[in-house]
Amino acid sequence: MVSTGSEDAVLGAALYGEQIAGVYDDWFSLPGSEPERAAAADFLCTRAGHGPALELGVGTGRVALPLAARGTTVVGIDASPRMLAQLAEKPGGRDLEVVVGDFADVTAPGGPFSLVYVVFNTFFMLCDQETQLRCFANVAAALRPGGLFVLEAFVPDQTRYDRGQRVLVDSLTSDAARLSLALHDPVEQRVQVRHLTLGPEGMRTYPIELRYAWPSELDLMGRLAGLELTERWGGWSGQPFTAASPTHVSVWRKPDPRR
């Protein structure tokens with residue numbers, strides 16, 4: 001059977017989550033990151049109210065759990081059962097309703113939603129433009145009139161790559177190292193990343209496949225889905241979005257014909 005781009009995107013997201021679940025929180029919940037997670041939960045709670053809210057690619061619940069603790073009903077969808085198992089082991093994790101599936105389909109119980117959100121570049125794990133467009137359309141269908149779609153992602157920076165590649169040392173100790181290796185295809189807007197760990201237990205690799213999009217392209221996807229851009233910030237704390245911003249937090253609204 002020939003796989004479609006959509007199927008490849010699902011397999012890529014699931015493979016990433018299944019392989020990295022055991023180390024995900026150790027790698028990405030770094031000391032000092034709690035204020036940013038709190039700011040993200042505050043930002044989302046202000047716009048979701050009591051909800052319900054749906055997180056696409058909920059993972060281990062780093063944002064969903066603090067959002068739920070603020071009183072918002074949160075539903076999550078993720079392609080990786082192991083990531084969701086990690087979420088369930090955390091305080092409050094079993095209180096969230098979660099489903100295993102392709103988050104581009106936005107198929108989850110509890111809608112229509114007042115808020116759908118996706119954070120930490122997870123949207124770019126949908127590895128082709130068609131799937132990203134489908135996700136926007138399905139988000140619009142899942143939102144109630146006046147509901148919001150919030151997306152956090154990096155702003156593409158092609159200067160990060162030298163001859164289409166990049167090697168970065170993420171951590172280094174006396175007996176172990178973690179590297180990030182990347183290949184960049186500017187035509188397809190694709191980045192292939194391999195996290196590589198070297199230590200006493202040998203070598204392990206963790207694959208990530210991304211298809212990035214500029215904010216203007218995301219805005220067009222939103223317009224095609226019938227959503228209106230209402231906010232864009234340089235971070236969760238309301239920093240202005242400028243040409244120097246490395247990330248953006250963007251908010252699109254589903255029009256309410258009653259207003």
Side-chain angles (χ1 to χ4, degrees), residues 3 5-34 36-37 40 55-63 78-87 89-90 100 102-104 118-129 131-132 151-214 246-248:
S3 65
S6 174
E7 290 169 339
D8 290 342
V10 177
L11 290 172
L15 178 63
Y16 168 73
E18 291 295 278
Q19 292 193 351
I20 206 169
V23 297
Y24 184 83
D25 285 332
D26 290 337
W27 286 7
F28 299 114
S29 295
L30 301 175
S33 63
E34 178 57 34
E36 182 179 5
R37 290 200 301 275
E55 180 169 351
L56 308 180
V58 67
T60 64
R62 294 188 312 127
V63 174
D78 201 279
S80 168
R82 285 196 65 201
M83 293 287 264
L84 295 179
Q86 293 284 333
L87 185 158
E89 293 304 312
K90 296 181 178 180
V100 178
D102 177 5
F103 75 74
V118 56
V119 301
F120 201 44
N121 310 315
T122 302
F123 181 80
F124 292 160
M125 294 189 73
L126 303 176
C127 291
D128 59 80
Q129 188 184 65
T131 306
Q132 293 176 353
L151 184 152
E152 178 200 21
F154 64 79
V155 178
D157 178 7
Q158 297 188 353
T159 66
R160 290 167 56 89
Y161 304 96
D162 177 16
R163 291 168 294 177
Q165 57 189 296
R166 176 180 172 88
V167 177
L168 182 67
V169 179
D170 295 312
S171 67
L172 187 66
T173 65
S174 60
D175 62 350
R178 178 160 56 92
L179 310 176
S180 293
L181 316 177
L183 288 177
H184 175 225
D185 181 346
V187 175
E188 297 293 333
Q189 297 173 208
R190 293 284 296 270
V191 182
Q192 294 178 294
V193 182
R194 298 293 181 269
H195 290 305
L196 175 68
T197 60
L198 304 168
E201 298 179 354
M203 181 180 70
R204 294 197 64 181
T205 59
Y206 303 85
I208 309 175
E209 305 286 331
L210 302 174
R211 192 268 175 186
Y212 62 81
W214 277 269
T247 63
H248 65 98

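The residues of the chain are indexed from 1 along the displayed sequence.
- In plain terms, the two heavy atoms of P81 and A79 that are nearest each other are CD-O, 3.4 Å.
- A 6.0 Å sphere centred on CZ of R194 holds more than 12 heavy atoms belonging to other residues, nucleotides or ligands.
- Of all heavy-atom pairs spanning A104 and T131, the tightest one is CB-CG2, 3.7 Å.
- Heavy-atom minimum distance, A177 versus L172: CB-CD1, 3.6 Å.
- Other residues, nucleotides and ligands contribute over 12 non-hydrogen atoms within 6.0 Å of the CD atom of Q158.
- Closest of all the heavy-atom pairs between D175 and P200 is O-CD, 3.4 Å.
- Applying the salt bridge (Lys or Arg N to Asp or Glu O under 4.0 Å) test to E89 and every residue at least two apart in sequence or in another chain returns R94.
- Atom CG of residue L179 and atom CG of residue L198 lie 6.0 Å apart, to the nearest 0.5 angstrom.
- Closest heavy-atom contact between D78 and V58: OD2-N, 3.4 Å.
- The ring pair (Phe, Tyr, Trp, His ring centres under 6.0 Å) analysis of residues 160-183, with sequence neighbours excluded, yields the pairs Y161-H184.
- Atom CD of E188 sits about 11.5 Å away from atom SG of C127, to the nearest 0.5 Å.
- For residues 153-164, no pair satisfies salt bridge (Lys or Arg N to Asp or Glu O under 4.0 Å), with sequence neighbours left out.
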> T122 and F103: side-chain contact (heavy atoms from CB on, under 4.5 Å), yes or no, with the steps?
Replying inline: CA-CA 10 Å; T122 302; F103 75 74; 3.8 Å; yes
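- Checked options W214, F124, F120, F123; the residue passing with F154 is F124 (criterion: ring pair (Phe, Tyr, Trp, His ring centres under 6.0 Å)).
- Looking at Q189, its side chain does come within 3.5 Å of a backbone N or O of Y212 through a donor-acceptor pair.
- With sequence neighbours excluded, the residues satisfying side chain to side chain donor-acceptor pair (under 3.5 Å) with D170 are S180.
- Closest non-hydrogen pair, L181 versus V167, comes out as CD2-CG1, 3.7 Å.
- For Q192, there are no side chain to side chain donor-acceptor pair (under 3.5 Å) partners at least two apart in sequence or on another chain.
- For the atom pair CD (E152) and CG (N121), the distance works out to 6.5 Å, reported to the nearest 0.5 Å.
- Every residue two or more places apart in sequence or in another chain that forms a salt bridge (Lys or Arg N to Asp or Glu O under 4.0 Å) with R190 is listed here: E209.
- A 4.5 Å side-chain heavy-atom check between D102 and L126 finds at least one atom pair inside the cut-off.
- Residues meeting the salt bridge (Lys or Arg N to Asp or Glu O under 4.0 Å) test with D185, sequence neighbours left out: none.
- Once rounded to the nearest 0.5 Å, the distance linking CZ of R204 with CG of L196 reads 11.5 Å.
- Interatomic distance, CZ of R62 versus NZ of K90, reported as 7.5 Å (0.5 Å rounding).
- In this structure, CZ in R82 is found 12.0 Å from OG1 in T60, a value given to the nearest 0.5 Å.
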